[in-house]
2 protein chains.
Amino acid sequence: MEEQTFSIRHVSAMSGVSIRTLRLYDEIGLLQPLVRTEARYRLYGKNELLRLQQILFYKELDIPLATIRKILDNPAFDTLTALYHHHKELLKKKDKIEKLLQTLTHTIQSIEGELQMNYDDLYQGFDTVTAEAYRKEAKEKYGVESVEQSEHALLSMKKKDFQTLQAMMRNTLENLFNLSHKPMNDEEVQGLIHEYYRIIRELWGTSSSEDSQAEQFIGLGQLYCDDERFYLVNNCYNKEFAEFMAAAMKYYAEKQLY
Amino acid sequence: MEEQTFSIRHVSAMSGVSIRTLRLYDEIGLLQPLVRTEARYRLYGKNELLRLQQILFYKELDIPLATIRKILDNPAFDTLTALYHHHKELLKKKDKIEKLLQTLTHTIQSIEGELQMNYDDLYQGFDTVTAEAYRKEAKEKYGVESVEQSEHALLSMKKKDFQTLQAMMRNTLENLFNLSHKPMNDEEVQGLIHEYYRIIRELWGTSSSEDSQAEQFIGLGQLYCDDERFYLVNNCYNKEFAEFMAAAMKYYAEKQLY
DNA sequence: TTAGACACTCACGTAGGGTGAGAGTCAAGT
DNA sequence: ACTTGACTCTCACCCTACGTGAGTGTCTAA
């Protein structure tokens, strides 16, 4: 029995995504139809519809399309994991709106003379979109301060590049978190650590350097254990996971980097 | 005593909006600094900071910049009214997230075999971005069905044009709602009705027609009273306001259009 | 005066589409 | 078999809202 398929118009109607957009997604390899008929018509199946949903969730989080594709095409990608991740991010979005509502209420009160408001407070809750803010986050979260070239690399890194790396890092960490019940030297775990290492190297600005920076990588893992600011997943500090990461990173460095 | 002013970097830091963006906003007349020094430096004051906040709220609602400018530059613009409007829209956004969370939960349950899910339901809560959806809304809300050229005008109207008209219409209706305690023939009220008339004409595709369409305009006002689908403000049906509108539109037509 | 921080304008480029033109395909009706 | 309206395709131009870099001028403290 053949799988049920849907024309591009049908998918557009179901999903609310324009036909032009669906073609764009095909073009860039983000969402390819199940079938191209002899007439070049696109026909989509169930898996494509599910993938489109994932795309829309990631879009809701302002992830660029190229990054979405990378994430979805990763062999380690898992739909359920991603859905849980989206859930958390949507809750964050909701919190943001709460904050905006608060700012709004305060502004009204300020205008009506009921309270005094600082100028800074006018903008509480709005997204900060400057490259500078992104760099600050990198410093706080990814231990780039301790690496020589990092300051320069960070200054020259473009905002989009940083966002892409960040999204992929989050994705990798999520996957690692799901495997943290396994031994840290598990093959799959170590594969993900390898990925993590390469992303960190991009952030450090040393991705093409001969020096493998094994010790720095180990040091970063240790930093996760020592400093409670480094909550890696679930928006809270998780000691067990930090230790898991540190051990896995240390093992990876010793096996692959020395 | 001179007003306190802020450099562009300061405003960027306070607001999270990039310097480049602030320059762009100046360039397009959306947010002009209080002062340009002899050196061409931009200095912003209190009113500019408040205006920037308004811009950010409108941006949060995906209103195009040119439209934001039109709204803010309208003599009838009122900050408090706008803030109340933003409040409502943010609550709507929050509802949308709730819906997405629901969709997400259902998807998880569907994958885990706990329930059966239609393909359409995969996309509940996501924005519908097709021009077709916009046209449908126009038909439902602005009485375009009853006007001859409207179908053709609607088909040829671009999505952005429609969004712009829609935003301005909402804004005009908000202002009218605030004046609905006044007589419907009040000068200010009639000024806003004039605005409303011109926007409706754009939607009808008859903005440059010699025929004033007085009767159709009156008929549209009557439609608001007769059909409970036409909730104009506050996301609910408001009979008093609908009647106010109908009367004001009738009066306007009789005085200005015949 | 110097030097570093800051600000300016100009201009190129990009992401993610919207839109229109022109042509081919499908399927039901005659 | 032909017609016709709905559907689909590709191509190509355009747009919004910036990001980014280059080059140059301005400010201010030392």
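Throughout, protein chains are lettered first and strands after them, A, B, ... in sequence-line order, and every chain is numbered starting at 1. Computed from a predicted structure; not experimentally measured.
What separates CD1 of A:Ile8 from C1' of C:dG24 is a distance of 16 Å, to the nearest Å. Distance CG (A:Asp26) to C1' (D:dC9): 12 Å, rounded to an integer number of Å. Distance B:Leu30 CG to D:dC18 C1': 13 Å, rounded to the nearest Å. Across the protein-nucleic acid pair, A:Ile55 atom CD1 and C:dG17 atom P stand 10 Å apart, rounded to whole Å. Atom-to-atom, OH of B:Tyr41 to C1' of D:dT24 comes out at 11 Å; the value is rounded to the nearest Å. Remark: C1' of D:dC7 and CZ of A:Phe6 are 17 Å apart, rounded to the nearest angstrom. The distance from atom CG of A:Leu22 to atom C1' of C:dG17 is 12 Å, rounded to the nearest whole Å. C:dC8 atom P lies 13 Å from atom CG of B:Leu24, rounded to whole Å.
Mapped onto DNA chain D by nearest heavy atom, A:Arg20 and B:Arg23 fall at different nucleotides, with A:Arg20 at the one closer to the 5' end.
Close to D:dC18, at under 4.0 Å from its OP1 or OP2, lies a side-chain N or O of B:Tyr25. For A:Lys59, no side-chain nitrogen or oxygen approaches OP1 or OP2 of C:dA15 to under 4.0 Å. Phosphate contact (OP1/OP2 of C:dG17, side-chain N/O of A:Ser18, threshold under 4.0 Å): absent. Between A:Arg9 and C:dC26 there is no side-chain N or O to OP1 or OP2 distance below 4.0 Å. Contact check, A:Arg40 against D:dT10: a side-chain N or O comes under 4.0 Å of OP1 or OP2. Put simply, B:Ser7 has no side-chain N or O that comes within less than 4.0 Å of OP1 or OP2 on C:dC6. Between B:Arg42 and C:dC6 there is no side-chain N or O to OP1 or OP2 distance below 4.0 Å. For A:Thr21, a side-chain nitrogen or oxygen approaches OP1 or OP2 of C:dG18 to under 4.0 Å.
Aromatic rings from B:Phe57 and B:His85 are positioned such that their centres are separated by 6.0 Å or more. Aromatic pair A:His86/A:Tyr58: centroids less than 6.0 angstrom apart.
Of the candidates A:Arg20, A:Arg42, A:Arg69, A:Asp26 forms a salt bridge (Lys or Arg N to Asp or Glu O under 4.0 Å) with just one, namely A:Arg42.
A:Thr103 places no side-chain N or O within 3.5 Å of a backbone atom of A:Tyr123 that could act as its donor or acceptor partner.
Minimum atom distance to the side chain of A:Leu65 is reached by C:dG17, of the listed D:dG25, C:dG17, C:dT9.
Residues forming a side-chain hydrogen bond (donor to acceptor under 3.5 Å, both in side chains) with B:Tyr119 (at least two apart in sequence, or on another chain): none.
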